[in-house]
Amino acid sequence: MLNKKSIEDINVKGKKVLVRCDFNVPLKDGEITDDSRLVGAMPTIKYLIENGAKVILCSHLGKPKGEPKPELSLEPVAKKLSEMLGKDVVFAADDNVVGENAKKAVSEMKDSDVVLLQNTRYRKEETKNEENFSKELASLAEIFVNDAFGTAHRAHCSTVGCGEFLQERVCGYLIQKELDFLGSAVENPKRPLVAILGGAKVSDKLGVINNLLDKVDTLIIGGGMAYTFLKALGHEVGNSLLEADRIDYVKEMMKKAEEKGVKLLLPVDVTYADKFGENETPYVSEGRDIPADKEGLDIGPKSAKLFADEVKSANTVVWNGPMGVFEFKNFAKGTEAVAKALAESNAVTIIGGGDSAAAVNQMGYGDKMSHISTGGGASLEFLEGKQLPGIAALDDK
Ligand code: AMP
């Protein structure tokens, strides 16, 4: 799955290239409030422009659920891209995405021109990967470039289907970088490889835990999911998040870790509160037991040190999921300590999208990490060892 052709492996000069980007940007009153996804897409778009391709961009935005929703139009993205590229990006405002505007704009393209299609999810066929819309998209171009890692775990017309009807299917720089970092971390890491998992639920990460136990030297578990592990060891977890129906699974995973010789680190103390709330007073437990009427909202300071020390001896670290309710200042310390340990480490540090990416950026450590994945769901599926359809569909080298 890792040895995929990229834009640099093919000739794009004079070719019509359909590029699936991730332009799923946050909008407020028609204004883009965070353009980091557009910034992330620039290297691929610029490469194609510089190499004389006719660049046809497409993306989804939000969830219009298969019908045109003016507030989810990609028009503001076209404007912003024009500014960023310093050249006109023609917006093809077709409610059916591949309509008269798109066809006309594409037929008038010269080398290095850029056209942006309307939100692909205006079409109900998109998320069902139906052939008719895939063919319509493909009819505009000769080559398919996928550069949207955030949707690479979905088989849609614009991520998978259209490529089947085009001459070549390759990845752009964003996907290439994800494959380089996530791929090598899982398949060929510099050891020791330490994975840190947190976040709310064990059940969201069953496959990840299982797959990582086959790969890592150390697995660290924090966040809400740790309480199910602590309960499985017979500890009192009070009112903390607990998935009682996963206790057997967790026991099985602890056994697997032992059999595989994987060091499994769980919190040794807990920061808890009277109840879930932003302004609750934080208390620290002596050991792993939490008073019966209290709720664990973060790992404790001893655990933070234990986890940070483990990171120090790692050569590769993969982190997915916060250590506690980092959105609340009083319960962000564990997540902050882990973020800081990664930032100070010389290891290859990889943040698996979603909440941990938000936490790392919010705490100002973003630029200290080797790689922050652009897809939460996709990076989790990657760590589960699953084939991502949007990557599997690309041509092998
Ligand atoms: P996830 O999307 O599974 O990565 O979970 C992230 C969410 O888990 C964040 O919003 C955190 O606030 C939440 N979380 C982490 N630790 C805890 C905890 N101990 N209790 C409740 N929620 C938690």
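For ligands, and for the atoms within them, numbers begin at 1 and follow the listed sequence. Predicted model, so just to flag it, every value in this text is computed and none were measured.
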Between [Y] and [X], does any NZ, NE, NH1 or NH2 come within less than 4.0 Å of an OD or OE carboxylate oxygen?
{"X": "E83", "Y": "K80", "result": "yes"}
{"X": "K256", "Y": "E252", "result": "no"}
{"X": "D298", "Y": "K333", "result": "no"}
{"X": "D217", "Y": "K263", "result": "no"}
{"X": "K124", "Y": "E67", "result": "no"}

- Message: Return the closest protein heavy atom for atom 7 (C) of ligand 1 as residue, atom name and distance.
- Response: D355 OD2, 3.9 Å
- Query: Which residue holds the protein heavy atom closest to atom 22 (N) of ligand 1, what is that atom called, and what is the gap in Å?
  - Reply: V325 CG2, 3.5 Å
With heavy atoms of [X] as the reference, note each atom of ligand 1 found under 4.0 Å away.
{"X": "G199", "result": "1 (P), 3 (O), 4 (O), 5 (O), 6 (C), 8 (O)"}
{"X": "K205", "result": "3 (O), 4 (O)"}
{"X": "Y227", "result": "19 (N)"}
{"X": "G224", "result": "15 (C), 16 (N), 17 (C), 18 (C), 19 (N)"}
{"X": "G223", "result": "16 (N)"}

- Query: Can you list the steps and then say if L394 with K5 is a side chain to side chain contact (heavy atoms under 4.5 Å, CB included)?
  - Reply: CA-CA 7 Å; L394 301 176; K5 276 194 186 166; over 6 Å; no
- Message: Set out, in order, the CA-CA distance, both residues' side-chain angles and the distance that settles ring-ring contact (aromatic ring centres under 6.0 Å, His included) for F144 and F165, then state yes or no.
- Response: CA-CA 9 Å; F144 177 58; F165 306 103; over 10 Å; no
- Among A200, G324, A226, which one has a heavy atom closest to atom 5 (O) of ligand 1? A200
- Message: Taking a cutoff of less than 4.0 Å between a non-hydrogen atom of the residue and any ligand atom, is M225 in contact with ligand 1?
- Response: no
- So is F328 close enough to ligand 1, meaning a heavy atom under 4.0 angstrom away? no
- Item | G296-ligand 1 polar pair, N/O distance under 3.5 Å | yes
- Message: For ligand 1, which is the ligand I care about here, please tell me if E327 has any N or O atom under 3.5 Å from one of the ligand's N or O atoms.
- Response: yes
- Measure up the F181 and H371 rings against each other and bin them: parallel (under 30°), tilted (30 to 60°), perpendicular (over 60°). parallel
